Structures are given as C-alpha cells and as structure tokens.
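For reference, the structure discussed in these notes is given below.
Every chain is numbered from 1 and lettered A, B, ... according to where its sequence line falls, protein lines coming before strand lines. Model, not experiment: these values are computed from the prediction.
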2 protein chains.
Amino acid sequence: MQPGTPDEDWREDCAPRRVLEIFATKWTSMILHALDARHGGAARTGVLQRSLPGISKKMLTQTLREMENSGLITRHVEGTVPPAVEYRLTALGRRFIEPVELLYRWGRDNADALDQLGSRATGRR
Amino acid sequence: MQPGTPDEDWREDCAPRRVLEIFATKWTSMILHALDARHGGAARTGVLQRSLPGISKKMLTQTLREMENSGLITRHVEGTVPPAVEYRLTALGRRFIEPVELLYRWGRDNADALDQLGSRATGRR
DNA sequence: CGGTATCCTGGGAGATACTG
DNA sequence: CAGTATCTCCCAGGATACCG
C-alpha cells in the first residue's frame, strides 16, 4: 500500500457496501439460499416458511415483496382456491446465490471458530 | 434432495446463521477488512476512522469494544499524551478475514449486478 | 487524540388476529 | 393457503457536545 494512497476501500457508494446491505437484512440471504439449494430455484410460500425456522408470515411476505421489487425473485399466482403462489429466482437472484453460498459453506465449515466467538459479536444480546 | 428430508439448512442455532449475524452489524466486517487489507492487521483509532467514510466516533468505539469482547481484536494503549491506541486482529479475527474478503471481492467483481438491484433490496430507503 | 455521555429517531422485527 | 392489518418493542445507529 502506497503511503499516499487515499483510503477508498469503503467509499460510501462502493459495491462491497451494497453487498453488505443485502446481508444486513435478516431473512433475504436465507430465502435466497432456501430457494436455490433446497428447492431448486422455486418454492411456494408455505414450503419456504417451513424451510426458515423462526420466520413469521409477516416477515416472510414482507421480505419476499422487497426481494421482488429488487428484481431478485418473481411471484407467480395460480388462480386456484385455495391460492397457490410460487416464488422463483430471477437471473439476477441467481447471481447472488454465489456470495450467499460462500457464506453458508464457510459457516458450516467453521462452526468451531464461531463457537469461540463471544456473545457480543454483533451487539445483540 | 430426498422428499422426506427435514428442512434443517437454517436451524435457529446453526453456524451459517451466526455468520449472518456478524455481517448484520453494519461496521464489523468493514473494520475487519480495513485492519487486514489496508493496515496489515493493526491500526490506530484515527487511521481506522479515516478508512471508514461515514463512521462516527461513537459507532467506531462501540463496534471496536464489541469486537474486543468477542475476541476478534485486541486493544493496546500507549501511555503517551496525547493517547495512542492501537487495535490488532487476533488469531480468531484473522480467521474471519476469509469470509469478509470473499464478500468484498465479490462485490468489487460484480458491481454491475449490484447496479441492477432495485433500491428496495434491503428494506432501507 | 481517543473516548464518553446524552438525546433522538427510524424501522426491523415479533405477536396476534382477521380476510378471501 | 397466502396475505393484511395493527400494535408494540427495542435497539442499531446517527448527531452533538464535552472530557482528560
């Protein structure tokens, strides 16, 4: 690193920061992973909910809406009764599978390191 | 995937979820990256602050404390006036560099994909 | 220079109940 | 089954000012 090099690794509008923002929202990355690794890219609401222990209907719907607005997934309604709604990864969504799986696997492979972590790792209690 | 396979990818206490918690706290990963990639593993407070555009003194100190409590970094005080404090990555902290850099590089290499993202990606405005 | 003390706000996130 | 509608909590995170 040159002495005079300006510190631009974390410019406020840089791409890495935008990645972090995605991971900052609790359920987004888990939904992406569940859709991809577990359900082959598409799943119905109820199936998704059962894949994400602890998520509420509200947060599921809310997060799915945001992801739809972001272009990560699409929503498909079967005009039946009772209704059947399926969510599918878009091409864009599929691109984001890469970093999500990266983190998922790292976590799985480094559970020991995570166990060493103090409880105040994230500021949560 | 077997039909009867229980959905255990995201058990509430699983390792990948704990990784996500780390990335859920805004500044932690940026500090880890800055310490490592930009400052060789150790840096003083002021230097760090200048490496993280937008961070406030409060959030910097607060996040550093939490990271210290988690065992990711150590704090070293030089008994001088004015005070000089240096933060260093621990062995544990260095392990976490891996996923951090993974995400950082992916963001850098996929800025185009991020540009396609709608503004409601994370629920923030 | 590094740190602390306040004060304040947004909105993430949960719980619950209701509708078609 | 999928989705809304409320209500509430609470805490991450920012702004500002002061201290040794």
Is there a donor and acceptor pair closer than 3.5 Å between the side chain of B/K57 and the base of C/dG3? yes

How long is the line joining CD1 of A/I31 and P of C/dG12, in whole Å? 14 Å

Taking the side chain of B/T45 as its heavy atoms from C-beta onward, which of D/dG3, C/dG3, C/dG12 lies nearest to it? C/dG3

Starting from P on D/dA2, measure out to CG on A/L48 and report it in whole angstrom. 9 Å

To the nearest angstrom, the CG-P distance between A/L60 and D/dT4 comes to 11 Å

Between D/dG13 atom C1' and B/I55 atom CD1, what is the distance in whole Å? 10 Å

Is A/R44 close enough to D/dC1 that one of its side-chain N or O atoms is under 4.0 Å from OP1 or OP2 there? no

Side chain of B/T61 only, heavy atoms from C-beta on: which candidate in D/dG13, C/dG3, D/dC1 is closest? C/dG3

Among D/dC1, D/dG13, C/dG2, the one nearest any side-chain atom of B/M59 is D/dG13

B/L64 CG to C/dG3 C1', in whole Å, measures 11 Å

Check whether any side-chain N or O of B/T25 sits under 3.5 Å from a backbone N or O of B/T28 as a donor-acceptor pair, and report yes or no. no

For atom CD of A/E21 and atom P of C/dG10, their distance in whole Å: 19 Å

Would you check if there is a donor-acceptor pair between the side chains of A/R38 and A/H33 at a distance under 3.5 Å? no

Salt bridge or not for A/R18 and A/D13, using N-O below 4.0 Å? no

With the threshold set at 4.0 Å, does a side-chain nitrogen-carboxylate oxygen contact exist between A/D9 and B/R108? no

Quick one: on DNA chain C, does A/T63 or A/P83 contact a more 5' nucleotide (nearest heavy atom)? A/T63

Here the distance between atom C1' of C/dC1 and atom NE2 of B/H76, to the nearest Å, is 18 Å

Among C/dG2, D/dG14, C/dG12, find the nucleotide with the atom closest to the side chain of B/R75. C/dG2

Tell me if a side-chain donor or acceptor on B/R17 pairs with a main-chain N or O of B/W10 at a distance below 3.5 Å. yes

May I ask you to verify whether the side chain of B/K58 and the base of D/dG13 hold a donor-acceptor pair under 3.5 Å? yes

What is the separation between atom CD1 on A/I22 and atom P on C/dG12, rounded to the nearest whole Å? 15 Å

